[in-house]
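Read the numbers this way: they start at 1 and go in the same order the structure lists the ligands and their atoms.
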Amino acid sequence: MIDSTLKTANILIVDDQQANIDVLTGLLDVKGFTNYTTTKDSRQVISLFEKFKPDLLLLDLSMPYFTGFQVMTQLKDIIPASTYFPILVLTADITPESKQKALTGGASDFLTKPFDLIEVDTRIKNLLKTRYLHQQLENQNQILEEKVMERTKELVKTNIELIAAKEQAEKMNRLKSNFLANMSHELRTPLNGINGFADFLRQDLKDPELKFMAESIFVNGNRLSETLNLIMDLSKLESDKMAFTHKPIDLVNQTVEFISLFKEAAKRKGLYLKSSFSQPSIVLNTDEQVFRSIINNLINNAIKFTNKGGVTADISLKDNFVEIKVADSGIGISKEYYGTIFEELRQVSEGYNRNFEGSGLGLNITKKLVEKLGGEIAIDSEPGKGSTFTVRLPVTITGEKAEGKKVIDRAAPNVLTEQKPVRPVALLVDDDPFIYQVLRRYLAGQIDLESTAEGDLAVILCAKKHYDYIFMDINLNKGMDGKQTTEVIRKIKGYEGIPIIATTAYTMAGDKEEFLSAGCSHYLSKPFKQQDVLNLLENILSVKETAY
Ligand code: ADP
């Protein structure tokens, strides 16, 4: 601190003796102090204090009107406790009691008359220095406090903004989920009609040109369904809304059954499609739907990227994991692309002159799904020779029985018709007239189908007549929805255990569980293929058989 700062400090001298005042002001003059004022009247101290704003008070103790002690008491009332205001008591009263009383009454220092002027000068400087440092500290504290206040205000503002942003994000997320659910519903429902009728036409039409057209609609419609499924899967994975339902499933059954769905696609390209298993039954505690998605994506790709030879799916049980290998003799992938192909939207052949169609989502989703099941996926490939994708899934439960299923011989014709001498009758509850036409033809010769568009009518029909199966759409235009209708039908005598299959285009996370909890026993997502319906019905029958 520079001396000049001290020299401009305001000093107030209070003494009833002019001689003392003269000595002190003389000293201050000599030492270069420029701002001082004096009074002999102790009653003036308070008003001078407010006007002159002293930095130091040189105070006598024995004075008429107010003693120095009383002055200090008065000052205590107007000086905030946090402010350091130095008072140097200069007195002829040399008793230790007075000194003690002065120091406890507010004096910072105490000197007895006659003064040693060097000592007075030193004390004055020290007290002013301390006062100056205190003021500095106070200023810093104030700056700090202001900064803290400012920062707190900013934080409160940021917090409010964050809460608003979070609420907005949650709202957007809800809107997005809603939008996805609606889009899913709106796209799947018409696809069911398109794919279903195209399927019949391509089988029934004789004219080669028309047959080709129907075939094209069928293939493209299915491609659209596949892409839709991938996008839905991705959105569920991204929003962490994919619900996993683990249960013991027999991978051998599942794969045999599943591979049969690709037989036709392989045949069209002149490819073989084989499967082999390390043992007759490999049970894994896993999510059936996710396992199917994984194997679906791998076999789909294998067929797509293979033009001669074929595709093999091998499943083997190792010590603590199950290994699924899907190998093809197709175009292969060079090593530099091993990483890229697992990235979202990436393909080996990209850009306008890409050689293969596709969204570039399949492998990315497959990898994410495999990882969600705690497994890993690897690729081994050679351009021109073929590729092998290997998935390893950890075995968590062994020795469990897969849920009441038996191996179904896919070659056996008309399994359904062989189950009952009298043809079973099913009721379709759906307000989309196309679904009836499609489902009727899918079930032709195996199950008779009746239909109604309204839940209330469905209840009346069920009360009058016995149906062996009920296909229940969830979103019905009029009256009760599918869930409410199911709940009422379940209460009708004889319908407690009848299969009620939720046939719906609502396929978001949790939808299936919601329909099952409403009383539906099975779930079939739209758009469904004939094979999906037959598989499901066979499933129902085989469970019944094992139950008998
Ligand atoms: P999509 O097949 O829709 O393009 P994927 O994510 O399933 O998307 O595959 C990404 C890319 O990986 C494909 O475009 C292809 O270049 C390559 N690929 C995937 N599977 C195979 C395979 N079995 N043989 C050769 N290339 C493949």
Side-chain angles (χ1 to χ4, degrees), residues 187 191 218-238 242 255 258-259 261-276 289-315 323-373 375-393:
L187 290 170
L191 271 174
F218 180 72
V219 169
N220 283 300
N222 279 330
R223 198 173 129 202
L224 206 60
S225 301
E226 286 289 336
T227 308
L228 183 63
N229 285 342
L230 287 175
I231 294 171
M232 300 314 288
D233 275 356
L234 188 67
S235 97
K236 281 185 222 166
L237 274 167
E238 304 263 280
M242 197 130 194
T255 310
F258 199 58
I259 265 193
L261 300 177
F262 289 92
K263 281 246 158 83
E264 210 186 306
K267 207 171 101 194
R268 252 184 268 140
K269 289 185 85 174
L271 303 174
Y272 63 78
L273 182 58
K274 294 190 273 197
S275 52
S276 72
Q289 211 51 44
V290 174
F291 171 75
R292 277 176 167 251
S293 275
I294 293 169
I295 201 146
N296 175 54
N297 289 343
L298 295 180
I299 296 179
N300 228 344
N301 275 348
I303 294 176
K304 181 157 106 184
F305 295 103
T306 303
N307 295 321
K308 61 177 191 312
V311 175
T312 319
D314 281 317
I315 301 191
E323 190 174 75
I324 303 151
K325 275 182 186 285
V326 176
D328 64 62
S329 55
I331 62 168
I333 302 164
S334 61
K335 273 203 169 58
E336 60 189 288
Y337 289 109
Y338 280 12
T340 323
I341 55 167
F342 289 105
E343 286 172 27
E344 208 168 283
L345 305 171
R346 297 301 304 269
Q347 299 170 314
V348 170
S349 144
E350 291 177 338
Y352 291 125
N353 52 356
R354 65 188 188 142
N355 307 324
F356 290 90
E357 286 156 337
S359 59
L361 289 175
L363 284 181
N364 177 263
I365 291 170
T366 305
K367 186 166 186 283
K368 284 179 178 156
L369 290 176
V370 168
E371 284 166 1
K372 288 265 180 200
L373 294 183
E376 54 187 28
I377 183 166
I379 175 187
D380 186 23
S381 180
E382 205 178 315
K385 294 210 165 149
S387 314
T388 302
F389 285 85
T390 306
V391 171
R392 292 203 175 97
L393 298 176

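- Contact between Ile333 and ligand 1 is present, with at least one heavy atom of the residue lying under 4.0 Å from the ligand.
- Looking at Lys325, its side chain never comes within 3.5 Å of a backbone N or O of Thr312 through a donor-acceptor pair.
- No part of Tyr337 comes within 4.0 Å of ligand 1, judged by heavy-atom distances.
- A donor-acceptor pair is defined here as one N or O able to donate and one able to accept, closer than 3.5 Å; no such pair exists between the side chain of Thr306 and the backbone of Gly386.
- Taking a cut-off of under 4.0 Å to the non-hydrogen atoms of Lys304, the atoms of ligand 1 that pass are 1 (P), 2 (O), 3 (O).
- Here CG of Asn300 is found 4.5 Å from CZ of Phe262. Values are rounded to the nearest 0.5 Å.
- Here the shortest heavy-atom pairing between Ile303 and Leu271 reads O-CD1, 4.0 Å.
- To the nearest 0.5 angstrom, Glu264 atom CD is 12.0 Å from Leu273 atom CG.
- Residue Leu363 places at least one N or O, backbone or side chain, under 3.5 Å from an N or O of ligand 1.
- For Asp328 (side chain) and Gly310 (main-chain N/O), no donor-acceptor pair under 3.5 Å exists by modelled atom type.
- The residue Thr306 has no part lying near ligand 1, judged by heavy-atom distances below 4.0 Å.
- For a threshold of 3.5 Å applied to N or O pairs, the pair formed by Gly362 and ligand 1 contains at least one separation below that value.
- Among the atoms of Asn364, none of the N or O lies under 3.5 angstrom from an N or O of ligand 1.
- Contact between Gly330 and ligand 1 is absent, with no heavy atom of the residue lying under 4.0 Å from the ligand.
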